[in-house]
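Below, chains carry the letters A, B, ... as their sequence lines are ordered, and counting in each starts from 1.
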Number of protein chains: 2
Amino acid sequence: MSQTSRSTPATLHDVAREAGVSLATASRSLNGSTRKVNEAYRQKVLEAAARLGYTPNLSAQAVARGTTTTVALLVADIADPYFSSIAAGVVGQADREQLIVTMAETERDPARELELVRAMRGQRPRVMILASSRRADDPAAEALQAELTAYEQTGGRVVFITATDSPFRTVTLENREGARALATRMLDLGYLRFGALTGPAGLRTAEDRIAGFTEGLVAGGSDLPADRTARCAFTRDGGYAGMRELIDRGLGDTQLVFALNDVMAMGAMSALRDAGLAPGREVAVAGFDDIPTVRDVTPTLTTVRLPLEEVGERALRLALAESDDESGAPVPTEVIVRDSTPRLTD
Amino acid sequence: MSQTSRSTPATLHDVAREAGVSLATASRSLNGSTRKVNEAYRQKVLEAAARLGYTPNLSAQAVARGTTTTVALLVADIADPYFSSIAAGVVGQADREQLIVTMAETERDPARELELVRAMRGQRPRVMILASSRRADDPAAEALQAELTAYEQTGGRVVFITATDSPFRTVTLENREGARALATRMLDLGYLRFGALTGPAGLRTAEDRIAGFTEGLVAGGSDLPADRTARCAFTRDGGYAGMRELIDRGLGDTQLVFALNDVMAMGAMSALRDAGLAPGREVAVAGFDDIPTVRDVTPTLTTVRLPLEEVGERALRLALAESDDESGAPVPTEVIVRDSTPRLTD
DNA sequence: CTGTTAGCGCCTTCAT
DNA sequence: ATGAAGGCGCTAACAG
């Protein structure tokens with residue numbers, strides 16, 4: 001029975017022989033679509049398969065069927081809560097759809113992203129979801145577009161998460177609108193003088209958020225002066241460094257700093273604290289995304305909620321949808337006011 | 001040139017024809033191991049491949065070669081920083097080894113885990129890494145073991161992350177030792193009366209940490225009274241609920257609560273805050289893992305550092321290693337004292 | 001309903 | 001060094 005030395009996985013052939021039926025019958029009772037096989041045979045096959053510990057070879061099925069059950073997911077940084085939440089959504093939905101997800105990390109490098117897309121095509125995934133951030137100045141953009149177009153022409157489907165001007169299906173995140181709503185809300189709370197950590201130049205998401213925030217301020221009669229902003233990486237450490245820079249340059253009478261995303265905001269609050277300033281009390285801070293941990297920092301962080309898991313789920317559903325225009329409504333966004341931006345009462 | 005309608009991916013056959021060589025030559029120049037092909041031909045093939053946008057079909061390669069380049073990763077919860085950090089390590093190392101990683105989520109359900117392992121075997125992955133938590137009372141344990149054994153007998157390699165009594169390769173995390181060291185250190189800081197959130201019964205990691213912590217306390221002349229502990233889920237919300245329960249039961253003169261892992265600790269601190277108690281000042285809190293965000297909470301969290309990304313990398317390296325005993329040294333652990341456990345000076 | 005027989009895309013002896 | 005041919009595990013007509 002239990003072999004102790006290395007062998008090969010049981011093959012469908014083995015199962016068929018063990019059950020005393022033909023290959024086709026075995027195939028049909030194990031994986032075939034609609035049941036058109038004698039129940040008695042079916043049983044024999046199932047038993048034989050169980051006895052042999054048979055598992056269909058997905059690669060073989062893929063070549064024979066000419067189609068896989070794979071979805072490829074590209075993210076910038078798996079350990080970043082923004083991406084891991086999206087990934088959780090994708091993986092969850094994939095599981096429900098009986099699909100397998102493979103994952104790769106671009107590390108925010110466009111050249112690397114292109115390479116990865118090329119490599120992933122080898123898997124012949126049914127769909128490719130690109131969640132790594134788009135940039136305006138991407139030199140590899142054209143090549144990427146070409147690669148993806150070719151991929152779609154051979155039956156694949158690509159879905160972007162938030163990059164509106166691509167010809168591919170997209171889960172639109174209302175970065176601009178959300179940031180604008182945030183600005184409006186902050187004005188309502190009595191804030192008048194704003195600063196911001198603006199993220200790296202050219203990063204699409206960052207630019208949209210800054211633009212929206214600025215719009216909101218301007219619409220409310222305020223503004224975002226350039227000397228109250230700092231460029232920095234789109235990460236926790238970037239947020240820390242950016243706030244540090246703002247502090248070094250002199251915060252002046254800045255009342256609130258918008259940090260573009262929650263991890264940056266958390267870094268920024270730590271920078272304030274390390275400089276002896278109390279976030280929320282002395283300088284208000286707001287983020288974007290509403291990652292889980294912002295409820296647990298002190299003060300709790302005001303932010304714009306993005307249902308990240310749902311975004312991941314939607315991305316996959318969108319990819320699998322028949323009709324092209326199913327992109328549907330953009331993902332709803334919601335301003336969540338917490339303790340990092342108390343109402344100003346003076 | 002650029003087809004506008006749907007077609008099929010270029011095949012090696014196409015490339016060969018386009019280059020005017022045989023299938024074999026094309027194969028050899030594109031993917032063959034050692035170069036034994038005329039440079040002129042080689043060039044022609046490469047050019048043809050580029051012109052056609054050819055990408056080798058990995059599934060086909062897999063069936064032909066009888067081996068894949070896939071590593072399957074099983075985690076409990078992708079969005080949890082503990083697992084996403086490990087995943088980042090695995091994916092990073094896989095990239096370096098030219099391997100593809102597929103990912104699935106057990107949602108902490110042993111039955112589901114078994115199912116997933118069975119399903120993943122269909123991919124014929126070279127290695128399978130199980131990072132989802134082991135439990136003592138798992139009714140599916142035997143079946144899982146059988147499944148994994150069968151998998152290894154057919155050439156696969158399984159690696160567990162922290163489950164010492166399995167017959168498979170394991171990346172050992174010194175949960176017990178780390179917790180013991182933490183206890184010792186807390187005693188050094190002057191703490192005398194301890195409580196703990198003990199996680200769900202039967203969860204291996206949780207039990208090791210509690211055992212180690214208790215050992216450390218006892219060795220130092222203290223103890224962990226049952227009435228100062230609370231069972232709860234191994235998550236942020238579990239930590240919150242557990243601390244809530246402790247508070248409701250009456251904290252008494254408890255000075256420090258050990259939370260088993262950082263996300264629980266963060267939940268616990270929020271529970272304290274919501275109850276009007278200042279974490280760190282009125283009740284000290286310690287966690288385990290050292291996930292990135294604990295530097296940004298207030299007070300910063302005392303914890304036991306586990307190099308999670310490195311754990312992921314090691315898991316894959318261990319899987320790929322020739323010799324069996326390369327399990328090597330357990331992952332080093334380090335107590336990191338931060339502001340949530342100030343020195344007691346009375 | 002069942003079995004036979006071509007493939008699917010690729011690799012790899014085996015001759016040449 | 002190159003090409004022809006068989007085979008990997010499975011599916012999908014196609015006959016029976």
Against the side chain of A:A64, the closest entry in D:dG3, D:dG9, C:dG3 is D:dG9

Rounded distance in Å - CG (A:L52) to P (D:dG9)
13 Å

Shortest non-hydrogen pair, B:T68 vs B:R124, comes out as OG1-O, 2.7 Å

Per B:L12 side chain, nearest of listed nucleotides C:dC10, D:dG3, C:dT2
C:dC10

Expressed in angstrom and rounded to an integer, what is the separation of B:L58 atom CG from C:dC10 atom P?
10 Å

Is B:T11 near enough to C:dC10 that one of its side-chain N or O atoms lies under 4.0 angstrom from OP1 or OP2?
yes

Nearest to the side chain of A:V21, which nucleotide is it out of C:dC8, C:dG3, D:dT2?
C:dG3

Work out which heavy atom in A:R317 is nearest to a heavy atom in A:Q93; give both atom names and the distance.
CG-NE2, 3.5 Å

Whole Å only: how far is the CG atom of B:N31 from the P atom of C:dG9?
15 Å

In whole angstroms, how far is the P atom of C:dC1 from the CD atom of A:E39?
11 Å

Rounded to whole angstrom units, what separation is found between the CG atom of A:L30 and the C1' atom of D:dC10?
11 Å

Under 4.0 Å between a side-chain N/O of B:S27 and OP1 or OP2 of C:dC11, yes or no?
yes

Minimum heavy-atom separation for B:A48 to B:A19, with atom names?
CB-CB, 3.8 Å

Measure CG/B:L23 against C1'/C:dC14 and give the value in whole Å, please.
16 Å

For the side chain of A:Y41, starting at C-beta, report the closest nucleotide among D:dC10, C:dT2, C:dC11.
C:dT2

B:A24 has its side chain closest, among C:dT12, D:dG9, D:dT11, to C:dT12

For B:H13 and C:dG7, give me the distance from atom NE2 to atom C1', rounded to whole Å.
13 Å

Using heavy-atom distances to pick each residue's nearest nucleotide on DNA chain D, tell me which of B:A60 and B:G20 is more 5'.
B:G20

Between the base of D:dG3 and the side chain of B:R28, is one N or O donor paired with an acceptor at under 3.5 angstrom?
yes

What I want to find out is whether A:R134 reaches A:E113 closely enough, with some N-O distance under 4.0 Å, to be called a salt bridge.
yes

Nearest heavy-atom approach of A:A140 to A:L114 is CB-CD2, 4.2 Å

Roughly, in whole Å, what's the span from CZ in B:R17 to P in D:dG3?
15 Å

With the side chain defined as heavy atoms from C-beta on, A:N57 is closest, among D:dC10, C:dT2, C:dG9, to D:dC10

Should A:T25 be listed as having a side-chain N or O under 4.0 Å from OP1 or OP2 of C:dG3?
yes

Considering only NZ, NE, NH1 and NH2 on the basic side and carboxylate oxygens on the acidic side, decide whether A:K44 and A:E47 come within less than 4.0 Å.
no

So, does A:N38 get its side chain near the phosphate of C:dT2, meaning an N or O under 4.0 Å from OP1 or OP2?
yes

Do any side-chain nitrogens or oxygens of B:Q61 fall under 4.0 Å of OP1 or OP2 in C:dC10?
no

